[in-house]
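Counting starts at 1 for both ligands and their atoms, following the listed order.
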Amino acid sequence: MSQHLFLPLVIFAINPIPRAFQDSALSPTEEPEDLDCGHPEPSARIMGGSDAQPGTWPWQVSLHQGRGHICGGSLIAPSWVLSAAHCFVTNGTLEPASEWSVLLGVHSQDGPLEGTHVRSVAAILVPDNYSKVELGSDLALLRLASPAKLGPTVRPICLPRASHRFVHGTACWATGWGDVQEADPLPLPWVLQEVELRLLGEAACQCLYSQPGPFNLTFQLLPGMLCAGYPEGRRDTCQGDSGGPLVCEEGGRWFQAGITSFGFGCGRRNRPGVFTAVAPYETWIREQVMGLEPGPAFPNQPQESQTGPWESREENCTIALPECGKARRPGVWPWEAQVIVPGSRPCHGTLVSESWVLAPASCFLDSITSDNPPRDLDSWRVLLPSRPRSERVSRFVPHQNATWDDASDLALLQLDAPVNLSSGPRAVCLPYPEHYFLPGSRCRLARWGRGEPALGPSAQFEAELLGGWWCHCLYGHKGASVPLPGQSPHQLCPSYQEEEEPGRCWNDSHWSLMCQEEGTWFLAGIGDFSSTCLRPRAFSPLQTHSPWISHVTRGAYLEEQLAWDWGPDGEETETQTCPPHTEHGACGLRPEAAQKGMLWPWLAEVHVAGDRVCTGILVAPGWVLAATHCVLRLGSTTVPHIEVYLGRAGASPLPHGRLVTSAPPLLCQTEGGSWVLMGMAVRGSQELFAAIGPEEAWISQTVAEAHFLPSSGSPYWPATGSDLCPPDLAGASGSPKAAALILLLLTPLIQD
Ligand code: 4AZ
């Protein structure tokens, strides 16, 4: 089933109105117990589960539509199978029984076992009041065209009476051929999976689901539903398990407590699986099967369970906190792993679970190409914090796109033996694909791969996430629509103080981006900066890789988003498109006002002859435009020594004693949101500007990459009279022809 089924409310006129939630009319003593139920043959994934032994769960059936497995079910009588309504209802319509078949006695869907057989379905019965899973009554009865052949691998399960109480906390079992993780199907040979789940009380379950989380749904647990699982998640049912049974052993027999119905995601923290409770539907089930003998068995419940404390009143609301991403001090990462391969420098990676380290595949590219897969894993070692000895590596799994896509430059290394995460090393949290790191999130750069420069002051590695729009448009394309919160971003842009020495950019360096939410650290992105010095740096989001990571590791610490403050409704959710673009990225984009020192990222400090500072404007990666009168002094015949500082406007106080001669620029914001340089102040004025427009030919001939907005009429140009740009000032601007503007060609400053 999909994670949410939103079906129109339709009342089915197939069966009489159910009398769910009513006790049976039959007293326990009247029960004709002619069907042996709940006894597997003595002998003997779902998520976080394991392969079942053949014959352990002989009531488990597989429901096929066409040629494939769709849902699970349970045999409750020779001619009856119990399952979930949502398996058979599409857009409010019940699917024809003729499309379905029931496979009995199946162990592996890949090959038949002795006793495996198929039955066609004569009728599908669904409660009249079923409309969608969240509203309950998610159960269905399938009448088989001919009775099942009972045998060692095909036997019915016992059903509980309406008065039957399962003790909360009881360990029960769910079974099925469903996904082993979200969007990760059970691999061949499709062996039936079993998982032990604990029954959760209503209050405990409601408390867990009341924790904020994704899907924007406030879910109300209703009578007739029950929850099973763990606050910490990790073991659960998943898509494809629906309709299958949740069974509990009592007095030597197995009873079906629930039918797998739905949940929010699979195995997520504080999101246990939701099941249809079977007991409240005793009457409805009896009514449907009436007349077709033998019917299902509702054996008497053993005395001790019936009288037990089935609902403990003081059931406390214990939510689980993330088990990953806890660092005592930012920068001292307990998940920092160094992979040592003989003959090369250590490679920095990250511990993502007890057994797996994530690192850039490029660290090991030599090994990959010359020796695929590497045979010499015996000599590889992993160093983890607070571990006295290094760990051995037993498996190396590079990302399939690692060799050609920088954003997929990832490899997973499995440790020979899992490490104990409660002592010393810890795992970082990984984001699910829909994770939305809030603009303004506190982040840090962390070592990643090889070749980083020596670490500088730690403040250098503090970062703050910029808005998605700004980051996306800087690196995206003109007119590209900006991913909304909850959609995968293409890049993550943090602002941070970097490269103290101007002119220098950390080429050949890899960094990972760690972002914090409510005290928990996530590995948000990875960055390869070998080819560009464009600022801000863009990191490739890791969330797009979480399906691959969870598929390979089956247990990395994926965590839901913890910070949910997305701002006022609508502010973040309007579709936005990107303004004009040059090959170096969008021009005129200004990060959020909150970004200290980055308010005007195109502003340059032009330090002239060591005694004055003029304002310059970065118009292309190698060119700064400034006012001539500020840079060149009248009457002077020598060209002064000029240094240009970029990316620090407002961040650092000006060098003491220096004169800011300046020549303020006039910038106007277009309706498209871009900032456009309209003019540079003329000598001696703060209000009169030399217009840039008339200089377009000269500027574009000198600087081919400079980007000019299309002239008026363009959607990006301010409308006449627009108050984006004070008309009197713009109008007052003249162009004192005599070289008001000067273009400075930048060359990197070589530091000794
Ligand atoms: C499904 O889609 C489904 N984790 C079944 C069970 C759960 C989630 C989804 C519970 O069929």
J.: Give me the atom names and distance for the closest heavy-atom approach of His435 to Gln543.
T.: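 Heavy-atom minimum between the residues: O-NE2, 2.6 Å.
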J.: Tell me the contacting part of Phe264 for ligand 1: side chain, backbone, both, or neither, using a 4.0 Å heavy-atom threshold, strictly below.
T.: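 Near ligand 1, Phe264 shows nothing, with every heavy atom at 4.0 Å or more.
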J.: Say whether Ser62 and His64, considering side chains only, have a donor N or O and an acceptor N or O under 3.5 Å apart.
T.: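 On atom types as modelled, these side chains qualify, holding a pair under 3.5 Å.
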J.: Could you check whether any side-chain heavy atom of Ile70 comes within less than 4.5 Å of a side-chain heavy atom of Leu63, counting everything from C-beta outward?
T.: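 They are not in side-chain contact.
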J.: Can you confirm whether or not the ring centre of Phe522 sits under 6.0 Å from the ring centre of Tyr432?
T.: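 Ring centres of Tyr432 and Phe522 not closer than 6.0 Å.
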J.: Just say parallel, tilted or perpendicular for the rings of Trp57 and Trp254, cut-offs at 30° and 60°.
T.: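 Aromatic pair Trp57/Trp254 classed perpendicular.
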J.: Using a 4.0 Å cut-off to any heavy atom of Ser242, which atoms of ligand 1 qualify?
T.: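 Heavy-atom distances to Ser242 below 4.0 Å select 1 (C), 5 (C), 11 (O).
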J.: Side chain, backbone, both or neither: which applies to Thr237 and ligand 1 if a contact is any heavy-atom pair less than 4.0 Å apart?
T.: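 Under 4.0 Å from ligand 1, Thr237 contributes backbone and side-chain atoms.
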J.: If you count the atoms of ligand 1 from 1 in the order shown, which ones are under 4.0 Å from a heavy atom of Asp236?
T.: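 By the 4.0 Å cutoff, the relevant atoms are 4 (N), 10 (C).
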J.: Based purely on interatomic distance, does Gly265 place a nitrogen or oxygen under 3.5 Å from a nitrogen or oxygen of ligand 1?
T.: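 For ligand 1, there is an N or O atom that lies under 3.5 Å from one belonging to Gly265.
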